[in-house]
Amino acid sequence: QVQLVESGGGLVQAGGSLRLSCAASGRTLSRYAMGWFRQAPGKEREFVAAVSWTGTGTYYADSVKGRFTISRDNAKNTMYLQMNSLKPEDTAVYYCAAESRSGVIYSSDAYNYWGQGTQVTVSS
């Protein structure tokens, strides 16, 4: 079993930055594809970014491309999401996910392990 815990969320003004972390325990993540998703109030969960188990493959939603950067440190069993130039529409609960597969996975249905989420609020 893999347990995932997100941290780093908070309240920030538009144009600001936040760095989310997703720490894993229970298993080493070096053979897990990972991703970030978010869910705003009244909306469905949506894909944000994904990274391959080596960290060399990444994929982003168009809405965050050029502003967000996903990365991972397998030695620390941690994944990150650097969020810059934040907008009010980025306000959501952000979830990290992991799955024991190769490649870059952007479908939420493919992930079996999820964190509890961390709130990100961007004020205008």
Side-chain angles (χ1 to χ4, degrees):
Q1 287 289 344
V2 175
Q3 291 81 43
L4 303 174
V5 178
E6 303 94 338
S7 63
L11 174 64
V12 64
Q13 289 188 333
S17 298
L18 283 174
R19 188 195 196 202
L20 304 184
S21 298
C22 173
S25 60
R27 292 281 179 90
T28 177
L29 290 181
S30 60
R31 294 290 184 177
Y32 283 75
M34 300 189 73
W36 288 98
F37 293 78
R38 67 187 182 186
Q39 187 166 18
K43 295 187 177 181
E44 294 186 353
R45 187 174 298 185
E46 65 173 2
F47 168 75
V48 175
V51 62
S52 64
W53 65 30
T54 62
T56 56
T58 58
Y59 186 70
Y60 297 91
D62 288 343
S63 59
V64 306
K65 200 173 296 181
R67 300 187 298 122
F68 291 10
T69 302
I70 189 171
S71 62
R72 63 190 297 165
D73 185 339
N74 288 339
K76 295 182 178 179
N77 242 21
T78 302
M79 176 179 66
Y80 305 97
L81 185 69
Q82 178 66 44
M83 305 186 295
N84 298 328
S85 301
L86 282 161
K87 304 175 181 180
E89 50 263 44
D90 294 318
T91 295
V93 177
Y94 283 71
Y95 299 90
C96 66
E99 180 57 34
S100 180
R101 285 177 50 181
S102 61
V104 179
I105 306 172
Y106 55 84
S107 171
S108 61
D109 292 341
Y111 287 98
N112 280 311
Y113 302 102
W114 292 85
Q116 292 301 306
T118 185
Q119 176 70 47
V120 172
T121 303
V122 184
S123 63
S124 57

Please report the interatomic distance [atom1]([X]) to [atom2]([Y]), rounded to the nearest 0.5 Å.
X     : Y      : atom1 : atom2 : result
Arg45 : Ser108 : CZ    : OG    : 7.0 Å
Glu46 : Tyr95  : CD    : OH    : 12.5 Å
Thr54 : Arg31  : OG1   : CZ    : 9.5 Å
Arg38 : Leu81  : CZ    : CG    : 9.5 Å
Arg19 : Gln82  : CZ    : CD    : 6.5 Å

Item to check | Non-neighbouring partners of Phe47 that pass ring pair (Phe, Tyr, Trp, His ring centres under 6.0 Å), sequence neighbours left out | outcome: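 Counting only residues at least two positions away or on another chain, Phe47 forms a ring pair (Phe, Tyr, Trp, His ring centres under 6.0 Å) with Phe37, Tyr59.
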
Taking [X] for its side chain and [Y] for its backbone only, find out whether a donor-acceptor pair lies under 3.5 Å.
X      : Y     : answer
Thr121 : Thr91 : no
Tyr94  : Ser7  : no
Thr118 : Gly9  : yes
Asn77  : Arg27 : yes

Checklist entry - Does Tyr113 belong to the same Ile/Leu/Val/Met/Phe/Trp/Tyr cluster as Trp36, with side-chain heavy atoms less than 4.5 Å apart forming each link? => result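 Yes, one cluster joins them.
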
Checklist entry - Among pairs that include at least one residue of residues 88-124, which meet disulfide (SG to SG under 2.5 Å), considering only residues two or more places apart or in two chains? => result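 Non-adjacent pairs meeting disulfide (SG to SG under 2.5 Å): Cys22-Cys96.
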
Item to check | Pairwise disulfide (SG to SG under 2.5 Å) hits with a residue in residues 25-61, at least two apart | outcome: none

Would you be so kind as to tabulate the donor-acceptor pairs closer than 3.5 Å made by side chains of residues 60-76, with sequence neighbours excluded?
{"from": "Tyr60", "atom 1": "OH", "to": "Ile70", "atom 2": "N", "distance (Å)": "2.8"}
{"from": "Asp62", "atom 1": "OD1", "to": "Lys65", "atom 2": "NZ", "distance (Å)": "3.1"}
{"from": "Arg67", "atom 1": "NH1", "to": "Ser85", "atom 2": "O", "distance (Å)": "2.9"}
{"from": "Arg67", "atom 1": "NH1", "to": "Asp90", "atom 2": "OD2", "distance (Å)": "2.7"}
{"from": "Arg67", "atom 1": "NH2", "to": "Ser63", "atom 2": "O", "distance (Å)": "2.9"}
{"from": "Arg67", "atom 1": "NH2", "to": "Asp90", "atom 2": "OD1", "distance (Å)": "3.0"}
{"from": "Arg67", "atom 1": "NH2", "to": "Asp90", "atom 2": "OD2", "distance (Å)": "3.4"}
{"from": "Arg72", "atom 1": "NE", "to": "Asn74", "atom 2": "OD1", "distance (Å)": "2.8"}
{"from": "Arg72", "atom 1": "NH1", "to": "Tyr32", "atom 2": "O", "distance (Å)": "2.8"}
{"from": "Arg72", "atom 1": "NH1", "to": "Ser52", "atom 2": "O", "distance (Å)": "2.8"}
{"from": "Arg72", "atom 1": "NH2", "to": "Leu29", "atom 2": "O", "distance (Å)": "2.6"}
{"from": "Arg72", "atom 1": "NH2", "to": "Tyr32", "atom 2": "O", "distance (Å)": "3.0"}
{"from": "Arg72", "atom 1": "NH2", "to": "Asn74", "atom 2": "OD1", "distance (Å)": "3.2"}
{"from": "Asp73", "atom 1": "OD1", "to": "Ala75", "atom 2": "N", "distance (Å)": "3.1"}
{"from": "Asp73", "atom 1": "OD1", "to": "Lys76", "atom 2": "N", "distance (Å)": "3.4"}
{"from": "Asn74", "atom 1": "ND2", "to": "Trp53", "atom 2": "O", "distance (Å)": "2.9"}

Item to check | Pairs touching residues 97-115 that satisfy salt bridge (charged side-chain N to carboxylate O under 4.0 Å, His left out), sequence neighbours left out | outcome: none

Checklist entry - Partners of Gln39 by side-chain hydrogen bond (donor to acceptor under 3.5 Å, both in side chains), sequence neighbours excluded? => result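 Gln39 satisfies side-chain hydrogen bond (donor to acceptor under 3.5 Å, both in side chains) with no other residue.
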
